[in-house]
Each structure stands twice: as C-alpha cells, then as structure tokens.
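Lettering follows sequence order; numbering is per chain, from 1. These numbers were taken from a predicted model, which means no experiment stands behind them.
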Protein chains: 2
Amino acid sequence: MTKQTRGEDTRARILISAEQGFAQTGYDSTGVAEICKAAGVSKGAFYHHFTSKEEVFLELLDRWLTSLDRQLADVAASDGSLQEVLDGLLKIAPQILQEAGGQYAILLEFWTKARSDPKVWQSTVAYFQRYREFFVGLLANTPGGDSLALVEREAAAEVLVAMIIGLLLWGALDPKAADWSCVTRTGLELFTRGWQEKGEQR
Amino acid sequence: MTKQTRGEDTRARILISAEQGFAQTGYDSTGVAEICKAAGVSKGAFYHHFTSKEEVFLELLDRWLTSLDRQLADVAASDGSLQEVLDGLLKIAPQILQEAGGQYAILLEFWTKARSDPKVWQSTVAYFQRYREFFVGLLANTPGGDSLALVEREAAAEVLVAMIIGLLLWGALDPKAADWSCVTRTGLELFTRGWQEKGEQR
DNA sequence: GATAAAATACCGACTGGTCGGTATTTATTG
DNA sequence: CAATAAATACCGACCAGTCGGTATTTTATC
C-alpha cells in the first residue's frame, strides 16, 4: 500500500468510527481514545489527520450536507409537479434514513451541537432554510398554488420541512415505534391534499 | 423566613438556574459549579437537595411533562371536534412555547439525552406515544374519520405529532426564522383539510 | 420559658478520575 | 537520507461528587 492510500485509509477509518460513536452515544461522551480504538489507530494518527475532535465532527456534518444536497438536486432536476417531486422524495427517503444502518441518529447530534457551536448552527439553520426555499418554489408551480400569497406558500413550506424534521427526530429516537416510511408517505399525502384543497377554495 | 421555606427557596433557585443553563448551553457543558453560582448557592447546598446533577435534570423533565399533561387535559376535556380541539391546542401553544422567555430550548436537551439515558428515553418516547394515542382517538371522532382504517388514523396521528415535534425543534433552534405561531396555525389547518378530504373520498 | 439535644441547611476546600491535546520517538515509504 | 505516517508517554485543565465542619432552626426536657 502506498503512503498516500494508507493515509487516506486511516483518515476514512477515523471518520467512520467517529460517526458511529457520535451517533450511538453522542459527541461529548465519545472520547478521542475511544474513536481511535474503534478505528484501530493511535492517538498520534488521529491528531496527524485532524487538528481537533471538533474538526472531525464538522467534516462529518459537511459530508452529510453535501450528500443530502446531491440527492435533493436529483429530485429537483425532475422538474415535475408537487406530487411528482414529493413522490421522488419519498423514494430516496429510505435511502437517506437507512444509510449506514441507522447511523442517521447523528442528525440529533448535529442539531444539539448547533446550539452551542456557531459554525454548526449556521450550517444547520442554513440548510433548513434551503429546503424551505426549495419547497416554496415547488409550491408556486402547483396547480392553484400560484393563487395563494407568498406568505402562505412560505408557511406551508415551513410546515413541510418541520414535518420532515419531526419524522427524522422521532424516527432516530424510536426506530421501532412505527413504520416510518409508511408514516412519511401519509404525511406527504395529507400535506398535498390539504394544500390543493386550500388552493381550490380561492 | 422559616427553615422549611428557606430550603424550598434554595431548591427552587437551583432548579431555575439549572434549567436556564441546560437550555442555553446544554446539559454537559453546564457545570454544577456554574449552576450554583447562578443560583447564589454553594455546592454543599446543591448536594444537600439533590443527589446528583442528573437528578436535577430528571426533575426538570418531570415538571415539564406534568405541566404539558395538565394543559393537554384541559384541551381534551372540551370534548369537541377535531377542528375545535386543534384550535384549543393552538391557543395554548404560544403559552407553552414562550413560557419562561424561550427557555423551552431545554426540550432539545431532553431529546438529546433520551438517547444516552434510558430513564429520559422512556419518558420521552412515552409521551410521544401518549400524544399519538390522544390524536388517534380524536381523529376517530371526526366526521368521516371513522370510515378510515385504524392504521390510517395512527399514521395520521404520527404525522401530526411529528409536525409538532419538528416545529418545536426548529423553533428552538432558530426562533426568529419565522412567525412560529402563524406557521403552526397553517400546519394544523393543512392537516385538518388533508384529513377531511381523505375521509370524504371513501 | 430556659436549656440542652437533635435535626436540618449550608459552606467551600479537596479529590479522583476523565479527556482533549501535545511532545517525543519510532517506523515506513520514496 | 529525507519526509510523511503512526505510536506512546505524558500534561494540564476541568468537573462531578465528597467530606469535615459551621450556622440556624426545631424539638424535648425540666
């Protein structure tokens, strides 16, 4: 193995172990030593690749956001109706949720740390807003949707994002409480119906 | 001041300071010393009234749940239609959300700690379920609602709870991002419309 | 109602251990 | 032999919780 690939491998192993640790027991209670042990790597190697534990966390956050954006871009590119796009979302939802064997519990960690770390806060809030904007644009293209005021589209988009956030949180906390993909489907369906009904009343 | 009232006062001050600390910077980064300083109390007093930092946290959780239950019971007692009960909910929402000057950010702390602490997890998951049940029952009393299968009522109730959770989380994270009471109203409205529409199609 | 005894409330220095991070040394690659 | 990667020993800060002791209030006894 060349020097470079060896380094990359070590780095990757650290990231994986850190993600698992953060997802399972949280950022604070996952020690650097623990991460190193799980990755089969020494502390020296850890601090050779990263300047701090926080840097690892931020890189994980960055990767998650990038991955999410890519998947959303795919859906958005379809350029379809509200129904179609939401269907597209539903299709990729399990992929996002189940990826890495339920490790998406790290989302909770992102949201928690957003309160104490300005960088994390900014990233987190920014992508909430980004999806809000996405849905606002989407709702404008809906039959009847353009008849409604911007504030109403905005509020509806916020509701949609909030619903997704809530589903993620509850799902992360209690994966076996319900069939979450089924609940998500119902949610998007109810939302679509409610929105169209609202538009038609004008 | 009698001995008893003095003790109660100290205890109350500790709880208040702890709540503020937890809400502002999180459970882990709020030290016992810090809580004591904010409460104007010594560490000895702290450990005289509580056996551990965790006990304080659990008591705060318990108080929050009790308060929430009381308020929900009031709304449930009205025994009205879906629309009426949701309106009732909406009325008390700001009271719950704004209480103690936005200190409800401690909710995030409850949800975070639920992952590492079995006691907190149980309480948290249990009240998610309780509200789910509440809404399931409520939806059965809705015109057209009884025509839908139980699973559908359950899924819808889960959607509703998830939406509320999401609104609370986003609101806690970014209070100024939107007019949350307005968004909540829209959310409940969309949900009601979507649900009734669904029922009528049968 | 005075005095002793007991219980409660409180204080703050100290400790034992954890954990992020560093400094130094050793191994591996080119 | 240079340079990068990795290992190990170690440091210092921090923090939950302890403990011996003091002050204040309540109860018991005469």
task = Check for a donor-acceptor pair, side chain of B:Thr184 on one end and backbone N or O of B:Trp180 on the other, with a separation under 3.5 Å.
result = yes
Regarding the side chain of B:Ser42, the nearest nucleotide among D:dT4, C:dG12, D:dA7 is C:dG12
Rounded to whole Å, CG of A:Asp9 lies from C1' of C:dT28 at a distance of 15 Å
C:dA9, OP1 or OP2 - any side-chain N/O from B:Thr10 closer than 4.0 Å? no
Original post:
Any donor-acceptor pair under 3.5 Å linking the side chain of B:Arg11 with the backbone of B:His49?
Top reply: yes
Q) With no hydrogens and no angle check, is any side-chain donor or acceptor of B:Arg132 less than 3.5 Å from a backbone partner on B:Val161? A) no
Atom NZ of B:Lys37 and atom C1' of C:dC11 are separated, to the nearest Å, by 17 Å
Separation of D:dA5 atom P from A:Arg13 atom CZ, nearest Å, is 14 Å
B/S/- along nucleotides 15-24 of chain C (protein heavy atoms under 4.0 Å) is -----BBB--
note: B:His48, atom NE2; D:dT18, atom P; distance rounded to Å ~ 15 Å
Taking the cut-offs as 6.0 angstrom to the six-membered ring centre and 45 degrees off its axis, would you call B:Lys53 and B:Phe22 a cation-pi pair? no
Go through the steps to decide whether B:Leu58 and B:Phe50 satisfy the test side-chain contact (heavy atoms from CB on, under 4.5 Å), and finish with yes or no.
CA-CA 11 Å; B:Leu58 289 174; B:Phe50 302 95; over 6 Å; no
Overall bend of the helix from C:dG1-D:dC30 to C:dG30-D:dC1 (five pairs an end, 10° steps) is 20°
Exercise for the section: Using only side-chain N and O atoms of B:His49, determine if any of them is under 4.0 Å from OP1 or OP2 of C:dT8. Expected result: no
Here the distance between atom C1' of D:dT4 and atom CD of A:Glu8, to the nearest Å, is 14 Å
task: For B:Gln122, look at atom CD and say whether over 12 heavy atoms of other residues, nucleotides or ligands are found less than 6.0 Å away.
output: no
**Prompt:** Would you say A:Trp195's side chain and A:Arg153's backbone share a donor-acceptor pair under 3.5 angstrom?
**Reply:** no
Please check this pair: side chain of B:Trp121 against backbone of A:Leu173, looking for a donor-acceptor N/O pair closer than 3.5 Å. yes
Among the nucleotides D:dA7, D:dT4, C:dC10, whichever has the atom closest to the side chain of A:Val41 is D:dA7
> Between the side chain of B:Ser17 and the main-chain N/O of B:Arg13, is any donor-acceptor distance below 3.5 Å?
Replying inline: yes
